[in-house]
Amino acid sequence: MASQIERPFFETDPVTCAQSLIGCELVWGKTAGRIVETEAYAEHDDHASHTFLRRGTRKFIEIHPAGTLYVYLNYGVHWLLNFLVKGGSANGFVLIRALEPTEGRNLMARRRGRSGERTLCSGPGKLTQAFDITNRHDEMNLCVDPRHCFARSSQEDVDSSRRSQAKADVVADERIGITRSAHHLWRFTERGSKFVSRRVKS
DNA sequence: ACACGGATACTA
DNA sequence: AGTATCCGTGTC
């Protein structure tokens with residue numbers, strides 16, 4: 001059975017959290033999907049992070065608890081969904097970049113204005129459109145909202161010996177669409193997933 | 001390859 | 001005020 005993820009899950013560092021989220025199911029009202037692609041952004045020493053230039057983002061980390069949603073508009077077009085990671089060895093955010101749809105495909109297709117299951121949520125802007133996530137969800141905390149919640153996949157509910165097996169299916173790669181601090185391998189995907197935004201370069 | 005488009009943080 | 005920048009998508 002799936003169980004809700006609690007705040008301590010986000011009380012680590014962004015890289016660890018981003019890896020751990022692969023395979024978890026994001027339940028959002030009548031829609032849901034398995035997370036197959038994430039990226040980590042660090043508060044310090046990461047020139048691709050909003051915290052590098054935006055004072056408001058540094059303030060966001062200061063005043064909100066771990067697990068808080070950080071939703072912002074990108075390129076004036078797309079809302080992007082992030083989780084605040086705080087309280088471990090480093091603070092930062094995890095950007096949710098792609099989902100494998102598991103529930104509410106028709107509703108997602110209607111919101112997206114197009115069908116094609118593989119591309120319903122194969123990008124950070126696509127998945128927020130499919131889930132109807134906007135800035136009205138900024139500063140929300142899923143740990144206290146029963147309608148919008150995180151659930152561990154059944155794969156991650158097994159014992160710890162099996163769990164290490166699940167982690168072997170996560171691939172680390174360079175982050176997408178950034179120019180600064182591009183050398184970090186802070187993009188994580190589920191190996192072989194057809195639902196990612198871009199194939200991992202080989 | 002390129003248009004689309006708004007919030008943020010600069011300069012002046 | 002004006003300008004540069006930004007973690008993307010769909011269509012050309």
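First the proteins, then the strands, lettered A, B, ... as listed; each starts at 1.
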Within the structure shown, what part of the strands sits under 4.0 Å from [X] by heavy-atom distance: base, sugar-phosphate, or nothing?
{"X": "A:R54", "result": "sugar-phosphate"}
{"X": "A:L95", "result": "base"}
{"X": "A:F93", "result": "nothing"}
{"X": "A:T57", "result": "nothing"}

Residue whose nearest DNA chain C nucleotide is more 5′ - A:L127 or A:R180: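 So the residue in question is A:R180.
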- prompt: Roughly how far apart are A:L21 CG and A:I96 CD1, rounded to 0.5 Å?
  reply: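 Output value for this atom pair is 5.5 Å.
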Could you please name the option among [options] that lies closest to any side-chain atom of [X]?
{"X": "A:R112", "options": "C:dT9, B:dA9, C:dC7", "answer": "C:dT9"}
{"X": "A:K126", "options": "C:dC7, C:dT9, B:dG6", "answer": "C:dT9"}
{"X": "A:R55", "options": "C:dT9, B:dA9, C:dC7", "answer": "B:dA9"}
{"X": "A:R114", "options": "B:dT8, C:dT11, C:dC7", "answer": "C:dT11"}

Base of C:dC7 paired with side chain of A:Y75 (donor-acceptor, under 3.5 Å):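 When only heavy-atom distances are counted, A:Y75 does not reach the base of C:dC7 through any donor-acceptor pair under 3.5 Å.
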- request: Take A:T51 and A:F60 through the side chain to side chain contact (heavy atoms under 4.5 Å, CB included) test and state the conclusion after the steps.
  value: CA-CA 9 Å; A:T51 52; A:F60 187 100; over 6 Å; no
task: Just do the side chain to side chain donor-acceptor pair (under 3.5 Å) check on A:R112 and A:Q129 with the steps written out, would you?
output: CA-CA 6 Å; A:R112 292 265 297 125; A:Q129 186 179 29; 2.8 Å; yes
Whole-Å gap separating [atom2] ([N]) and [atom1] ([X]):
{"X": "A:Y72", "N": "C:dC7", "atom1": "OH", "atom2": "P", "result": "7 Å"}
{"X": "A:L81", "N": "C:dT9", "atom1": "CG", "atom2": "P", "result": "13 Å"}
{"X": "A:H50", "N": "C:dG8", "atom1": "NE2", "atom2": "C1'", "result": "12 Å"}
{"X": "A:E174", "N": "C:dC7", "atom1": "CD", "atom2": "P", "result": "14 Å"}
{"X": "A:L73", "N": "B:dG5", "atom1": "CG", "atom2": "P", "result": "12 Å"}
{"X": "A:I176", "N": "C:dG8", "atom1": "CD1", "atom2": "C1'", "result": "11 Å"}
{"X": "A:R118", "N": "C:dG10", "atom1": "CZ", "atom2": "P", "result": "17 Å"}
{"X": "A:L80", "N": "C:dG8", "atom1": "CG", "atom2": "C1'", "result": "7 Å"}

query: With centres under 5.5 Å and planes under 30°, do A:Y41 and C:dC7 count as stacked?
result: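 Here A:Y41 meets both the 5.5 Å and the 30° conditions.
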- request: Report yes or no: does A:N91 contribute a side-chain atom to a donor-acceptor pair with the main-chain N or O of A:E43 at less than 3.5 Å?
  value: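 Side chain of A:N91 to backbone of A:E43: no pair is present.
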message: Taking pairing as Watson-Crick or G-U wobble with both contacts under 3.5 Å, can you name the mate of C:dT5, or confirm there isn't one?
response: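 Partner of C:dT5: B:dA7.
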- prompt: Stepwise, does the salt bridge (Lys or Arg N to Asp or Glu O under 4.0 Å) test hold for A:K30 with A:E103?
  reply: CA-CA 7 Å; A:K30 298 183 186 303; A:E103 201 174 317; over 6 Å; no
